[in-house]
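Along the sequence shown, the residues carry numbers beginning at 1.
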Amino acid sequence: LAYSLLQSMPAPLQTNDPGMGRPDVPDNLEQNLVAAIAANDPKTAMKNAQEWLDKGEYPASIQRVLSQVQQKDAESATKLAEKLVSQLQPEELLAKQDAARLSLNILRAGPRPDKKPSAAQPAPVNPDQVLSQSSFRDLMAATITAALRATPQTASNALRGPGGFRGGPAGPRTAAPAAPPNAADLAQANARALLSGLQTMLEQVDATLPERSLALRTKLTQMGMDNDQRGRFGQFQSLIQQGTSESLMTAAASAPAGMQSRIYQQAAMKALDEGNADRAREIANQHLDETARNNVLRAADLKQSVRSASGDKMDEIRKTIATAKSDEERLSMLLQFAEQLEGDSPKLALQLYDEARSMVARRATNYSQLELQLDVADAVADLDPARAFDTLEPGINQLNDLLSSAATLSGFEVNLFRDGELPLQNTSQLAGIVTRYGAELAELAKKDFERAQSMADRFQLTEPRILAKLAMVRGVLGLKPMESRNDFGGGRSFGGFGRRSQ
């Protein structure tokens with residue numbers, strides 16, 4: 001019925017920019033409808049997909065059609081896939097942006113396994129893997145050939161974008177609109193896009209077409225695209241989490257200039273965690289600017305005060321806490337002193353934890369304050385799990401309010417929900433913080449599973465409740481949490497009071 005209705009709509013106005021223009025809304029509707037139809041009516045979906053290819057159109061929904069039809073009619077899906085690959089040749093990839101985009105999407109998913117898995121060891125199913133090994137290899141070869149035709153941008157072309165200059169001063173634009181790109185400009189834009197996409201698939205290239213790997217890497221170097229900042233970022237993030245202060249110092253020496261200061265600061269903080277305050281001061285004095293240096297030096301002084309804390313020095317502890325320059329620093333000091341006192345004076349430790357809890361009990365005004373609530377709950381969990389649960393309760397209640405408001409505003413001011421549902425992937429800070437609460441409940445579940453489950457059920461919407469319980473399950477099973485935040489360079493300045501090492 002929806003497809004019939006769509007066909008009765010007037011034909012859309014044609015654009016004069018077939019290479020770079022955004023597809024018309026009716027076209028998108030048709031493509032999405034065909035992909036949906038494929039699950040129940042493969043023949044109709046195949047007929048429409050064939051018509052797209054006959055017209056030289058390559059919507060992203062072709063991949064979904066192939067995936068759906070593969071489950072119903074593998075032979076027809078294979079024929080359609082072979083026709084698609086036969087058309088996605090270098091000239092077509094360079095001439096049409098939708099062809100280049102579809103090629104990269106299919107290649108990222110990888111080839112479909114040729115061998116059928118045994119019943120005892122079923123292979124993971126990835127519905128986006130729509131090409132056989134041989135077709136995947138052919139498409140990879142055509143994509144590499146097209147990408148190797150990329151040439152460096154000139155200064156003028158690098159600045160020009162649709163509608164004018166990119167990165168220029170703000171203000172009204174009086175220049176005439178830029179002319180649509182010609183065929184050569186379009187081919188180069190697509191070649192560079194293909195090259196950029198293949199840069200993230202070098203391991204697949206090595207495995208599929210090792211004989212083309214050297215040429216591809218050489219082209220990336222020529223184009224100035226061989227500096228894999230994302231890969232380096234991941235390596236340094238892993239090093240910060242697992243390395244020592246000295247391994248961080250070694251890494252900082254060879255890190256890009258933009259990362260060096262942050263890694264040196266992390267090395268100094270790591271030295272403090274290792275109990276080497278003198279080394280932390282040395283790193284700070286030699287490698288950090290004034291602001292970062294002062295933060296590290298103050299953290300070192302506070303660490304030493306904490307380590308010398310004892311029950312009979314409570315007045316001294318109070319005086320030290322009173323010197324805090326911010327609520328966050330005061331909270332950090334409370335948690336550090338409380339942790340230090342847990343063994344010798346648990347009652348005094350609980351007093352400090354209660355002060356910290358009172359600081360985070362008020363209604364949060366940003367995500368950072370919700371994170372602080374999680375930090376306090378995590379810190380007190382070993383000494384008194386019941387207090388940890390009580391600490392999380394205000395945050396869960398507030399998240400229910402935020403989620404309800406986000407659902408109401410979805411499509412107007414915010415777009416966190418899709419088709420009326422909150423995505424289970426951490427695609428927003430709101431979903432991410434729900435997952436973080438679930439991860440904390442997972443830790444508490446090891447001490448009181450029933451109450452942890454009851455707390456997860458406090459989430460009123462279905463999706464957040466599922467998110468929290470999935471995080472709990474992963475935690476109880478010992479799996480890595482689903483993190484959405486990235487703490488590289490974002491650690492707190494006063495000694496750190498976040499998640500405890502497990």
Side-chain angles (χ1 to χ4, degrees), residues 233 236-237 239-310 313-341 352 355-356 359-360 365-376 378-379 485-501:
F233 180 88
F236 287 126
Q237 177 72 359
L239 185 61
I240 286 171
Q241 293 174 351
Q242 303 175 13
T244 65
S245 58
E246 293 309 315
S247 64
L248 284 170
M249 288 294 294
T250 302
S254 60
M259 295 183 183
Q260 279 185 334
S261 176
R262 188 61 66 182
I263 297 175
Y264 280 127
Q265 186 172 1
Q266 293 291 340
M269 301 308 294
K270 185 74 74 169
L272 284 178
D273 291 338
E274 295 165 353
N276 194 343
D278 290 339
R279 178 58 172 153
R281 291 188 178 94
E282 179 183 356
I283 295 171
N285 288 323
Q286 291 181 359
H287 299 285
L288 299 180
D289 60 27
E290 182 178 2
T291 301
R293 180 172 62 251
N294 290 340
N295 285 339
V296 171
L297 295 178
R298 179 163 177 77
D301 293 340
L302 293 178
K303 280 282 187 180
Q304 287 189 329
S305 297
V306 169
R307 288 197 170 97
S308 63
S310 62
K313 295 183 179 180
M314 201 62 184
D315 290 341
E316 184 178 336
I317 291 174
R318 294 288 184 192
K319 290 179 181 178
T320 303
I321 293 174
T323 65
K325 297 180 178 179
S326 65
D327 285 346
E328 184 174 287
E329 185 177 351
R330 179 168 178 256
L331 186 62
S332 172
M333 294 164 67
L334 281 169
L335 294 182
Q336 291 182 66
F337 279 124
E339 184 178 357
Q340 189 70 18
L341 293 173
L352 297 178
E355 288 187 37
M359 292 183 65
V360 298
T365 58
N366 53 53
Y367 288 112
S368 295
Q369 292 179 8
L370 289 174
E371 289 281 352
L372 294 177
Q373 188 179 100
L374 287 163
D375 289 333
V376 174
D378 184 67
R485 310 178 44 206
N486 201 323
D487 289 328
F488 181 81
R492 295 179 176 87
S493 306
F494 303 104
F497 52 88
R499 330 312 304 144
R500 296 188 182 189
S501 58

Main chain of L374, side chain of D378: is a donor-acceptor contact present, judged purely on distance under 3.5 Å? no
Minimal heavy-atom distance between V360 and Q373, with the atoms involved, is O-NE2, 3.3 Å
For residues Q286 and M249, determine if any side-chain heavy atom of one lies less than 4.5 Å from a side-chain heavy atom of the other. no
By salt bridge (Lys or Arg N to Asp or Glu O under 4.0 Å), R293 pairs with (sequence neighbours left out) none
For T244 and K270, the nearest pair of non-hydrogen atoms, with its separation, is C-CG, 3.8 Å
What one should report as the nearest heavy-atom pair of N366 and Q369 is OD1-N, 2.9 Å
One should read off an interatomic distance between M269 CE and I283 CD1, to the nearest 0.5 angstrom, of 11.0 Å
Is E274 reaching over with its side chain to a backbone N or O of S245, donor-acceptor style, under 3.5 angstrom?
-> yes
One should read off an interatomic distance between L297 CG and N285 CG, to the nearest 0.5 angstrom, of 5.5 Å
Heavy-atom closest pair (A284 atom, V296 atom, distance to 0.1 Å) is CB-CG1, 3.7 Å
With a 4.5 Å cut-off on side-chain heavy atoms, are L370 and L372 touching? no
So CD of E339 and CG of L334: to nearest 0.5 Å the spacing works out to 13.0 Å
Checking M359, Q336, E355 against L331 for side chain to side chain contact (heavy atoms under 4.5 Å, CB included), the one that qualifies is M359
For residues R318 and L352, determine if any side-chain heavy atom of one lies less than 4.5 Å from a side-chain heavy atom of the other. yes
In terms of heavy-atom contacts, A356 and L335 come closest through CB-CD2, 3.8 Å
| message | I'd like to know if R330 pairs up with D327 as an ion pair, taking the criterion as any Lys NZ or Arg NE/NH1/NH2 lying under 4.0 Å from an Asp or Glu carboxylate oxygen. | response | no
